[in-house]
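For reference, the structure discussed in these notes is given below.
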Amino acid sequence: MTTFDAALRLRLEQRQVKGLYRARKVLQSPQARQVQVDGRTCIGFSSNDYLGLASHPALIQAFQQAAERYGAGSGASHLVSGHSVEHQALEEELAEFTGRPRALLMSTGYMANIGVIRALTDRGDTVVQDRLNHASLLDGGFLSRAAFQRYPHGDLSAAEDLLLQGAGQKLLASDGVFSMDGDLAPLPALAELAHRSGAWLMIDDAHGFGVLGATGRGIVEHCAMSLAQVPVLVGTLGKAFGTFGAFVAGSEMLIETLIQFARTYVYTTALPPAVAAATRVALRLVDAEAWRRLHLREMIDHFRSGAAAHGLPLLDSVTPIQPVVIGDDARVMRISEQLLAAGFWVGAIRPPTVPAGSARLRVTLNASHRKEDIDALLDALAVALRRESAS
Ligand SMILES: *Cc1c(COP(=O)(O)O)cnc(C)c1O
């Protein structure tokens, strides 16, 4: 073994010893109610395809037709020669969907967050974030030139102190729905705090769009907030919208600023136009097939009441993200393997994705689930937990 590989092996072994080694499972089917994973058929409870749109026939058809018309790839970044009519139309429709003057397509949510924070702040400025924000927001803070401060989850008086102590332009950034706990940010209080402290508020609503609010416009609709209160709104397309990519929605000045200064926008290849075409159909289906959102809500209620009846510990979540905290890293892996053997694919989440000692099963519900799927999952989970406490 080369000294290079020997050095890497040491780090990998350390991760293995800690019980934190990660491995991928191979999916052999589309995202759907039933999935094929590592040669086994099971009910999927680990996808972010909340509305079941990822394999919707209308999205697939739009994708195919646009690929025939515009090819498989976009060929360049948006500013060079990759900005197609499909991208332009989707941006206009996203602006209308979010009720904002403009929207800008980004290649991923990860890149959107890094690019936006860097574009809006500079040396001498201050970025303040919730500690449990998504890694991409946190990395955006670390990679910016501003001073970066984090407050304990949901602790707005700590946030206020950090904002008061901060210098320069202040940017307060939060997940709308926290991705590993499923709880909502206290958006009205955050907006009030931002207003009081002269900070700009940025909300990443990756898990809220399509799901929250009477018409699926996300946490901003759910909390009835205005553009002035939440000037920077980020959404992703790979979750409830069923495709891939992300967007930022806001004022004319925000979007022009990002086109000029967001490096993760300027220096990357545009999404394939076919992805934009499929996403345009997804936007229409969020309205036209509102039953998906209503059914999803029913599944969330059914899961929560069933889990309570089984005496399972639940977090305070009204979203499709319903974590069951187990605590021990090795234990959560054993339970998820038992569930897989029983025909249920549930993600096991360990540190550093979640704080040490809070390893969990991250049950995610979607519009393709049926009540009997959830009942069967809860029964299997109760059996696995009993077996664990007996051993
Ligand atoms: C998934 C997620 C992202 C990343 O989006 P991608 O398009 O998958 O890169 C960003 N923020 C939050 C809160 C997310 O859950």
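If you're wondering where the values come from, they're calculated on a predicted model, not measured in any experiment. Whatever order the structure lists them in is the order used to number ligands and atoms, beginning at 1.
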Once the angle between the rings of F178 and H153 is folded into 0 to 90°, is it parallel (under 30°), tilted (30 to 60°) or perpendicular (over 60°)?
-> perpendicular
If the plane angle is over 60° it's perpendicular, under 30° parallel, otherwise tilted; pick one for F241 and F247.
-> tilted
When rounded to the nearest 0.5 angstrom, what is the spacing between CD1 in I335 and CG in L340?
-> 14.0 Å
Between N133 and D204, is any side-chain donor less than 3.5 angstrom from a side-chain acceptor?
-> no
Those protein residues which place at least one heavy atom below 4.0 Å from ligand 1 = T108, G109, Y110, N113, H134, S136, D175, S179, D204, A206, H207, T236, K239, G245
Decide, yes or no, whether a salt bridge links R196 with E160 under the criterion of side-chain N to carboxylate O below 4.0 Å.
-> yes
Any salt bridge between E289 and R292, counting N to O under 4.0 Å?
-> yes
